[in-house]
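I have placed the structure first, in the form of structure tokens, so that the comments after it can refer back to it.
In this chain, residues are counted from 1 in sequence order.
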Amino acid sequence: MARRWLAAFGGLLLLGATDIAGDQRRLAEARAGAAEAQAKAKALEARAGRERDAAAAADPA
């Protein structure tokens with residue numbers, strides 16, 4: 001009886017650990033995606049700044 005209980009409890013612990021590992025993986029993927037989006041936004045801001053500066057330099061006003 002005790003062996004069955006230990007086996008069942010061990011199985012539940014294993015399932016819990018698997019869920020935690022999956023959650024951690026998804027969190028890491030989300031963080032990587034957020035960092036990539038932030039880098040793209042920063043590059044777009046820099047490009048817009050360069051274009052704005054070029055337009056201001058070309059303006060004969």
**OP:** Keeping to residues at least two apart or across chains, list the side chain to side chain donor-acceptor pair (under 3.5 Å) pairs with something in residues 15-25.
**Re:** D23-R26, R25-E29

Subject >> Contacts of type side-chain contact (heavy atoms from CB on, under 4.5 Å), residue R52, not counting sequence neighbours >> reply: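 Testing R52 for side-chain contact (heavy atoms from CB on, under 4.5 Å), a comparison that skips the adjacent residues, returns none.
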
Could you give the side-chain donor-acceptor pairs of residues 35-44 under 3.5 Å, partners two or more places apart or in another chain?
none

**OP:** Please list, chain by chain and in numerical order, all residues satisfying side chain to side chain donor-acceptor pair (under 3.5 Å) with R50, sequence neighbours excluded.
**Re:** none

